[in-house]
Amino acid sequence: MYYVDRMTSGIFISHDHFLRSQGADASVERLIEISDEEHERIADGFRKGCSLLIEGNAVTTVAPPEMTADEKRERVIRIVDVVADEARARDQSVGQLLDIEYQQVIEAHGRWYADGYDEAKCPEEIKAWADAEGVTPLQAAQEIAEAAAHREEVIRQIRSIRLAGKAAVRAAADDADFTEIAEPFIDQLNQVG
């Protein structure tokens, strides 16, 4: 069973899910109960670009106005970019400031490497990691270098797949199924990380 919010058209798996999302002062009276089959029909409509139409307790999907080939192509290209963003996010930290901190650690490692891993010049960022992990500064530096190499490889893969997917969609004939063309690239992006 699922629930559709009359106000936002949001779909929820339970009353608790709705209240956690909308706030304790939200009224469950706003919800329309739908079956698993109705949910699947709605989800299929969303995948096709449909929107929800709520009339009373009836929930239906409405097809979008016919788009030109260029509009369809750009819509699918945006989807490829969004999936690439999601793939990058899976391999990144949860916040921009944490990403900046991580970049500082990588830069500190690079400077220390250039100094020949001189223990007397070990940067605080490396010492902090070593202390937190209970390893030597050299072991910490190795772990940081491995993590940085992995991160760079993941970003390289995502970029290559994203650009190839967008190029394939752009090169397709106007009557092509752009979603079908992008699907293998989207599947690859969902596997990266």
Side-chain angles (χ1 to χ4, degrees), residues 1-99 151 154-193:
M1 215 39 70
Y2 292 87
Y3 301 89
V4 177
D5 181 359
R6 282 184 179 89
M7 283 182 62
T8 66
S9 298
I11 299 177
F12 301 91
I13 58 173
S14 68
H15 286 171
D16 287 341
H17 179 221
F18 167 75
L19 292 171
R20 281 193 311 273
S21 171
Q22 301 298 305
D25 59 331
S27 171
V28 294
E29 299 299 316
R30 292 176 13 193
L31 298 177
I32 301 168
E33 187 175 302
I34 60 171
S35 68
D36 292 350
E37 294 79 23
E38 289 175 298
H39 176 262
E40 185 54 40
R41 181 181 48 77
I42 290 168
D44 186 52
F46 283 159
R47 286 188 287 273
K48 294 175 182 171
C50 295
S51 57
L52 280 185
L53 175 64
I54 300 171
E55 295 179 316
N57 284 331
V59 180
T60 57
T61 55
V62 178
E66 189 60 35
M67 291 190 285
T68 67
D70 286 339
E71 290 170 331
K72 291 176 186 176
R73 184 178 279 115
E74 287 306 312
R75 180 180 164 274
V76 172
I77 286 171
R78 280 193 305 275
I79 291 169
V80 171
D81 284 338
V82 166
V83 174
D85 284 344
E86 291 168 354
R88 277 190 294 276
R90 280 193 307 272
D91 190 61
Q92 301 278 331
S93 64
V94 294
Q96 185 179 9
L97 294 178
L98 199 53
D99 286 341
R151 185 178 190 185
V154 166
I155 296 297
R156 186 199 60 73
Q157 287 176 2
I158 291 168
R159 178 176 169 72
S160 295
I161 296 166
R162 179 179 66 85
L163 293 176
K166 290 170 68 168
V169 170
R170 284 189 180 112
D174 284 352
D175 62 347
D177 183 339
F178 302 123
T179 302
E180 186 176 305
I181 291 166
E183 196 166 302
F185 300 98
I186 290 171
D187 289 344
Q188 289 177 55
L189 288 167
N190 283 326
Q191 299 302 313
V192 173

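Just so it is clear, the model here is predicted, and its values are computed rather than measured.
- Atom CZ of R170 is separated from atom CD1 of I181 by 13.0 Å, given to the nearest 0.5 angstrom.
- Residues F178 and A172 approach most closely at CE2-CB, 3.9 Å, considering heavy atoms.
- Heavy atoms only, all atoms of each residue included: T61 and G45 are closest at CG2-CA, 4.4 Å.
- Of the candidates I13, D44, V59, I34, H39 forms a side-chain contact (heavy atoms from CB on, under 4.5 Å) with just one, namely I34.
- For the atom pair CD1 (I158) and CG (D85), the distance works out to 9.0 Å, reported to the nearest 0.5 Å.
- The structure places OH of Y2 at 8.5 Å from CD of E40, a figure rounded to the nearest 0.5 Å.
- Rounded to the nearest 0.5 Å, atoms CG (L52) and CZ (R6) are 13.0 Å apart.
- Heavy-atom contacts from other residues, nucleotides or ligands closer than 6.0 Å to CE of M67 number more than 12.
- Minimum interatomic distance between R162 and A84 (heavy atoms only, all atoms of both residues): CD-CB, 3.5 Å.
- Of the inter-residue distances, the one linking N57 atom CG with I32 atom CD1 reads 5.5 Å to the nearest 0.5 angstrom.
- Residues L189 and A87 come closest through the heavy atom pair O-CB, 3.5 Å.
- Counting heavy atoms from C-beta outward, Q22 and R30 have side chains that approach closer than 4.5 Å.
- The shortest distance between side-chain heavy atoms of E74 and I77 falls below 4.5 Å.
- When each of D5, I11, V4 is checked for a side-chain contact (heavy atoms from CB on, under 4.5 Å) with T8, only D5 meets the rule.
- The NZ atom of K166 sits 11.0 Å away from the CZ atom of R78 when rounded to the nearest 0.5 Å.
- When every heavy atom of C50 is checked against every heavy atom of A63, the shortest pair comes out as SG-CA, 3.7 Å.
- Classification of R73 and D174 as a salt-bridged pair holds, one side-chain N sitting under 4.0 Å from a carboxylate O.
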